[in-house]
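Order of appearance sets the numbers: ligands from 1, and atoms from 1 within every ligand.
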Amino acid sequence: MGLKAQDDKTMVALMFETAWNGREAYEDLQWLCENTKGRISGTAQAAVAVDFTNQVLSDLSLDSVWRQEVWVKHWERGAAEQALILSKSKGEIKVPVSALGLSVSTDKDGLKAQIVEVQSFEELKLLGREKIQGKIVFFNRPMNQSGFDTFAAYGGAVNQRTQGPAEAAKYGAIGCLVRSLSSELDDYPHTGVTRYEEDGPKIPAVMISTNGSELLSALLKEEPELMFWFKTSCENLPEVLSYNVVGELQGSEFPDEVVVVGSHLDAWDTGEGAHDNGGGCIQAIEVLRIFKKLGIVPRHTIRAVMFMDEEIAQRGAQVYASEAEKNGERHLAGFESDRGVMTPRSLAVSTDQARFSKVALWQPLFEPYGISIVKRGGGGADVNPIRSSSPDMVLMGLIPDFQRYFRYHHSANDTFDKVDRREMQAGSAATAALIYLTDKYGL
Ligand SMILES: [Zn+2]
């Protein structure tokens with residue numbers, strides 16, 4: 001191994017050592033989880049999260065820390081939702097539900113109707129208005145358990161949540177139930193955004209826990225005429241001024257060329273947003289903290305960004321991208337982590353073959369930590385829009401172990417105690433090391 005390679009090996013080891021010996025990041029995550037629980041964009045908790053991360057970045061003595069104004073939608077859940085299966089033979093059975101983000105509410109007495117259970121939009125179409133009019137549509141297609149990639153399983157089921165209510169409403173449905181996108185059978189109703197069609201009808205929509213879904217489906221087989229009642233009191237309020245938070249180490253040689261590492265600061269209101277995505281934000285901050293602790297002066301500008309509003313409308317991403325364009329910044333690489341903060345397995349570097357081959361040479365540096373460099377899966381909803389002004393930007397990301405992630409995702413189960421300090425910090429170090437190498441050798 002040449003001297004340069006030996007230096008890199010030493011530096012990567014130092015980064016992991018620094019991350020594992022550091023306590024600040026984990027304590028910051030604990031603070032964020034305990035004090036800003038429910039920080040979906042537009043809420044008071046989101047504003048506290050902005051102030052907190054701004055303060056943490058300011059305390060690192062970076063070259064600059066600032067906020068970018070972002071106008072966001074403001075949806076509030078209101079009082080806890082209630083739902084009952086009303087069965088002739090079994091009586092009233094309570095089931096856990098959670099309103100979908102941006103959903104309209106039921107009226108104050110709730111909504112009661114028969115259920116039509118379907119697995120897909122095709123099935124909905126076959127049933128048609130005649131069978132659906134005046135009823136509650138229940139989308140009950142489970143996440144596929146057969147494959148390795150739980151994100152692919154999520155991708156294969158999520159349209160029930162994002163478009164299901166709008167599709168059901170086209171056939172005259174008056175309410176919508178969606179099976180929780182959980183990989184397990186449990187009592188946590190998950191949530192997430194739904195998108196109505198602008199001029200289409202808007203019907204109240206909730207997710208029902210996986211156990212609740214199984215029970216309802218079984219009862220429907222015995223008693224197809226059973227009734228279902230649910231009540232929500234969510235509200236769509238006027239837009240609110242919020243912020244992205246940005247911290248920067250200025251490049252010594254190429255200050256106008258930027259490597260950005262970012263995650264979204266907003267999180268679903270039912271949980272603490274520990275894995276999705278408080279942990280990712282804290283890792284992005286930790287990258288800069290590691291650089292500072294090791295006295296690294298980067299050649300290019302390195303920025304950590306807490307993006308606001310990924311979960312609802314990605315307004316923070318749009319603002320960051322348009323600011324970058326307005327300021328004529330060239331972005332070399334955009335690193336996004338939004339898959340939780342379990343043990344890192346891979347670093348994704350999505351780019352053309354020539355540049356990927358260059359990055360792949362760094363593979364041996366990560367092998368001691370059980371991490372491989374892979375080509376697919378870099379970037380994400382927050383950094384990808386930057387490519388409109390930096391089309392060459394390399395999309396990077398952290399791929400942790402994701403077998404457990406969908407037990408927590410968008411539910412009350414996504415809490416600080418689910419995050420392991422060493423696992424999260426291994427991700428911080430891996431991210432810092434990839435960004436260090438990118439900065440040192442260019443792309
Ligand atoms: Zn997320």
Next on the checklist: Students often mix this up, so state it plainly: with edges at 30° and 60°, are the rings of His300 and Phe254 parallel, tilted or perpendicular?
Outcome noted: parallel
Checklist entry - Looking at the Zn ion (ligand 1), is one of the N, O or S atoms of His409 less than 2.8 Å from it? => result no
Checklist entry - Do Thr438 and Met396 have side chains that get closer than 4.5 Å, going by heavy atoms? => result yes
Checklist entry - From Glu311, does some N, O or S atom reach closer than 2.8 Å to the Zn ion (ligand 1)? => result no
Checklist entry - From Glu310, does some N, O or S atom reach closer than 2.8 Å to the Zn ion (ligand 1)? => result no
Checklist entry - Between Phe121 and Phe139, what is the ring plane arrangement, given parallel below 30°, perpendicular above 60°, and tilted in between? => result perpendicular
Checklist entry - Salt bridge between Asp51 and Arg67, side-chain N to carboxylate O under 4.0 Å? => result yes
Checklist entry - Using 30° and 60° as the class limits, which term best fits the ring planes of Tyr320 and Phe307: parallel, tilted or perpendicular? => result perpendicular
Checklist entry - With respect to the Zn ion (ligand 1), what is the nearest N, O or S atom of Asp276? => result OD1
Checklist entry - What N/O/S atom of Asp338 is the closest to the Zn ion (ligand 1)? => result OD1
